[in-house]
Amino acid sequence: MAEQQHLYLVDGSSYIFRAYHRLPPLTDPEGTPVGAVYGYTTMLWKLAEDLEKAEGPTHLAVILDKDSKSFRNEIYDQYKANRPPAPEDLVPQFPLIRDATRAFSLPCIEMAGYEADDLIASYARAAQARGWNVTIVSSDKDLMQLVGEQNGARIDMLDTMKNQRIFREEVKEKFGVGPELVGDVLALMGDSVDNVPGIFGIGPKTASKLIAEHGSLTAALDAAPEMKPSKLKDRLTEGRFDAELSKVLVTLKEDCELPEPLDDFKLDGVPAAPLAAFLGKHGFTSLLRRLDGGHGSPSRATDLNPPKQQAQSDKGAPEGNRQPLPEMPPIDRNAYETVQTIERLEHWVERAFAARQVAVDTETSSLDSVAADIVGVSLALGPNDACYIPLAHGGSDMFAEKPQQVPLADAIAALKPLLESDAVLKIGQNIKYDINVLARQGIAVAPVDDTMILSFTLDAGRSHDGIGGGHGMDELSERHLGHTPLAFKDVCGTGKKQIPFGEVPLDKATEYAAEDADVTWRLHQHLKPRLSVEGGTRIYERVDRPLIPVVAQMERHGIKVDRAQLARLSEEFASETGRLEKEIHALAGEEFTVGSPKQLGDILFDKLGYKGGKKGKSGQYSTDQSVLEGLAAQGAEIARKVLEWRHLAKLKSTYTDALQEQINPATGRVHTSYSLVGAQTGRLSSTDPNLQNIPVRTPIGRQIREAFVPEAGNLLLAADYSQIELRLAAHMADVPTLKEAFANGEDIHARTAQEMFGEVTRDTRARAKTINFAILYGISRWGLAARLEVEPDEAQAMIDTYFQRFPGIQRYIHETLESVRERGYSETLFGRKTWFPRINSKNQAERQGSERAAINAPIQGTSADIIKRAMARMMPALNEAGLGHVRMLLQVHDELVFELPEGDVSKASPMIERVMAEAARPAVELSVPLGVDIGTGTSWDAAH
DNA sequence: CGGATCACG
DNA sequence: GACGTACGTGATCCGA
């Protein structure tokens, strides 16, 4: 056997302690705390995945502490006597570590009287003696004694939390001496956690120095009498006994009897069934899905935890509170505290650290998170356990007395460690907003949970309409808590009488602001547990939640626009529309409001008597583009002019005028706001201004893109997925011809034309393109007929041909609809659900509309998942390549726009391309390549 | 404030 | 026999 064996020894006990302190406090569906176990499980998973890698394991075992007593206690009764008891919510997780290990079918070794470290040392040495490499998965400094090479075999360590390998070099860096002397250093310095005495007054620095100088502990102690009189000399002399005792305590026992032979640790794959059972039991749904994705067909990731009953009850009754509601007292606005002193603030911060999760809400002067000034912060730690910290109240009236408040700088300094602590989960409703507001105060809020996004993940498409797509706080509060929170207008008024939040008296402000935090905290209690039960963990944890800080940063970056260019265009469009308006009036024979479709319809069809006027249900003639084009084709000059007028008027009002006003005076840039819950399919949407619909299709419109520019010395880089939705359709519907065409890099519409019509001409390619889109959108003969300007019968014939030439499409449509009818929701390749409550409606129009949307949602949604994954990975990838200053500015569904120094283009382009092209992996292996086109230039237009 | 229109993917 | 026709968005304007 020439193959190099590689044993991995996992220090399970130490891992779980660190995982506990590093990860937010998650609970499983039954309420058992499982945060640390989850961390442990993902770590094992990662190791199992590395199986086939060069440095991956061939053998693996997990080593645990059997009990707290070991032979060291017989030597020294105070050993580890100072250890504080394990935290209350960690204790129940210890036995789960064994369960998790067994679920992976991995050996789990423990032995009474010995610590895990001793077993690890003994196994490591035994393996090394056989010429195996060994990796110890731990960060325990005691184990660093083992690192090094003997017999041509290497022992190293792996810190999976820091993702760091520890070789000899790293040990030397930490201790100043090689691994063989680490025990001596530890013996001198002692360890307060394990209550190893060491020598009083000697810390790590002195210990390293002494051992490095004298070559060993004994030599250092022996040299003491010869030293010149000093404190150090006395300490060494007096501490000799302690040091020698400590040496015994820290020295690993390397010759324990091995409870199981090494060969039994041979890895031989991970059977799925016991693992699935474990993951399912504890609600680790994201892992469950990965398991299924790895072994079953990734394109048909089935829900191993199918909420059958839930899907049934959802039909017709879209509300779904299947979880028993947590018991909570009713909202009591009088229970909230107004925090006005630093002492009280510090008290709240301290309590928040202890609670390890806190709901946070900021109050500001404006709805624009990048421009907004902070006015106050509210925190909630439990039902009715909330406070408001006013920070900038009473500013506008110079003569009025300002209420007592903690000075802003002091409050920020007090809040910063809490809001940035890895160990405390910050919960917000649309927390991207608060992240941006606090970013201006120098606070990088993390880690976060977002109740709005939780709601979206669970309930996208469920029929609760309203602003925010049904995921706004007021709606969520009504729906899940049965409570109506104070509305903003109740405290600030509306219209002209509206006052800024900073002018609201503190008692009222506290009721409003603290209630929002309280409600958010309560919503989190309702929504978070549903995630694992209903299969939302994978999308939430792996796609949407990681995106929050990424999108927040894109919003803060903004993009530079050339105001002068926009102003020039505005003037140009104004004079052109003015000229056209006169000509239109002349042709109409009277003056009227060209922008009024109603007046225009009456003029065209009643006064001028053009044919083809159709009134809609509003009793009004339709005058939209297709109608006017029809009239223009008949030779109606007025229709041509109205079309041109509309084109220019649209560009002026929506873009050249509006964008100028959106330039942030402080940054000189335009900062859009992205909604992560804007589109039912999982796409982002962009508002204030919408930068996802900047003109591109006409030459005149493209002039507006020329106004989007980089800073001096920089370029804009646009990277877009080529035909991503068609590629996904080819994969998901498993269409051989299309997959082959994409694999060969063919022009897909031309290939479609060839298949459909037997020849590729301008006309057949255009028709093929229309048909391809029709497929993605859920086809109907009438819709296609209208687009292609043919009879419905002919359109139907084309559809039939399409289905015949591209087998798989019809089956995909059928299976998708069957599944949605049955379960109530559609699903992307990554498990994002979109609900279709009207899919079984008796109203045909409603039902058919849902059917078309349901055919499209998995495709559009998968595309959205993929670009979101690319976005989440982009900055880490660029950072790693030393390209951290490349700025990702915009996302337009299948396109990402970056700003970067000219000199970085050649290095960044292939990197960006790779991250985007690889974004589906490893969760999903597509059977078509993802193509990415990249361009750069001195404007957004030029970058295309 | 709803409808019509049109900008984008 | 009538229904009413492509998926997903957001901004602006008109007119009630």
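Each chain gets a letter, A, B and so on, in the order its sequence line appears, and its residues count up from 1.
Across B:dC8, C:dA11, B:dG9, the shortest atom-to-atom separation from the side chain of A:T687 is found for C:dA11. Taking the side chain of A:T770 as heavy atoms from C-beta on, and the options B:dG9, C:dA6, B:dA7, the nearest nucleotide is C:dA6. The nucleotide whose nearest atom lies closest to any side-chain atom of A:A774 is, among B:dC8, C:dG15, C:dA6, C:dA6. The side chain of A:N690 approaches C:dG10 more closely than any other nucleotide in the set B:dG9, C:dG10, C:dG8.
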Under 3.5 Å, N/O pairs linking protein and nucleotides 2-4 of chain B:
unit_1 : atom_1 : unit_2 : atom_2 : d
B:dA4  : OP1    : A:S618 : OG     : 2.7

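A heavy atom lying under 4.0 Å from DNA chain B marks the following residues of residues 641-658 of chain A, by number: A:R646, A:H647, A:K650, A:Y655.
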* To do: Would you sort out whether A:R727 and A:S722 count as a side chain to side chain donor-acceptor pair (under 3.5 Å), showing the intermediate values?
  => CA-CA 9 Å; A:R727 287 174 195 254; A:S722 145; 3.3 Å; yes

* Residues A:N772, A:H749; criterion side chain to side chain donor-acceptor pair (under 3.5 Å); working and verdict -> CA-CA 8 Å; A:N772 276 330; A:H749 300 310; 3.0 Å; yes

* Passes side chain to side chain donor-acceptor pair (under 3.5 Å), A:N840 versus A:R821? Steps please. -> CA-CA 6 Å; A:N840 292 313; A:R821 286 183 195 118; 4.6 Å; no

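Looking at heavy-atom distances under 4.0 Å, A:Q848 makes contact with a base. At a threshold of 4.0 angstrom between heavy atoms, the contacts of A:I779 with the nucleic acid are absent.
Within 3.5 Å, a donor on the side chain of A:R697 pairs with an acceptor on the base of B:dG9, or the reverse. Put simply, the side chain of A:Q625 and the base of B:dC6 share no donor and acceptor less than 3.5 Å apart.
As a whole-Å value, the separation of A:E791 CD from C:dT5 P is 18 Å. Taking atom CG of A:L726 as the reference point, atom C1' of B:dG9 lies 13 Å away to the nearest angstrom. In this structure, the CZ atom of A:R727 is 17 Å from the P atom of B:dG9, given to the nearest Å. Summarising the geometry, the separation between CG on A:L728 and P on B:dG9 is reported as 17 Å, rounded to the nearest angstrom. Distance CD (A:E581) to C1' (C:dC13): 13 Å, rounded to an integer number of Å. Taking atom CG of A:N856 as the reference point, atom P of C:dA6 lies 13 Å away to the nearest angstrom.
A:N693 and A:Y655 form a side-chain donor-acceptor contact under 3.5 Å, judged by distance and modelled atom types alone. Side-chain contact annotation: A:Q692 with A:Q891, donor-acceptor N/O pair under 3.5 Å present. Side-chain contact annotation: A:Q796 with A:D800, donor-acceptor N/O pair under 3.5 Å present.
On the C1' atoms, C:dC3 is 31 Å away from B:dC8, given to the nearest whole Å. Across the P atoms, B:dG3 and C:dT5 are found 14 Å apart, a figure rounded to whole Å. Here the separation of B:dC6 from C:dA2, taken at their C1' atoms, is 31 Å to the nearest Å.
Phosphate proximity of C:dC7 to A:R852: present, with a side-chain N or O under 4.0 Å from OP1 or OP2. Distances shorter than 4.0 Å separate some side-chain N or O of A:S685 from OP1 or OP2 on C:dG10. Side-chain N/O atoms of A:R787 include one lying less than 4.0 angstrom from OP1 or OP2 on C:dA6.
Around CD of A:E791, the count of heavy atoms belonging to other residues, nucleotides or ligands within 6.0 Å does not exceed 12. In the displayed structure, A:E590 atom CD is contacted under 6.0 Å by more than 12 heavy atoms of other residues, nucleotides or ligands.
In this structure, the separation between CD on A:Q810 and CD1 on A:I775 is 9.5 Å, given to the nearest 0.5 Å.
Pairing for C:dC3 is absent, judged as Watson-Crick or G-U wobble with the two contacts each under 3.5 Å.
No side-chain donor-acceptor contact under 3.5 Å links A:D933 to the backbone of A:D720.
A salt bridge links A:K641 to A:E637: one of the charged nitrogens lies within less than 4.0 Å of a carboxylate oxygen.
Along DNA chain C, the nucleotide nearest A:D688 and the nucleotide nearest A:L776 are compared for position; the residue whose nucleotide lies closer to the 5' end is A:L776.
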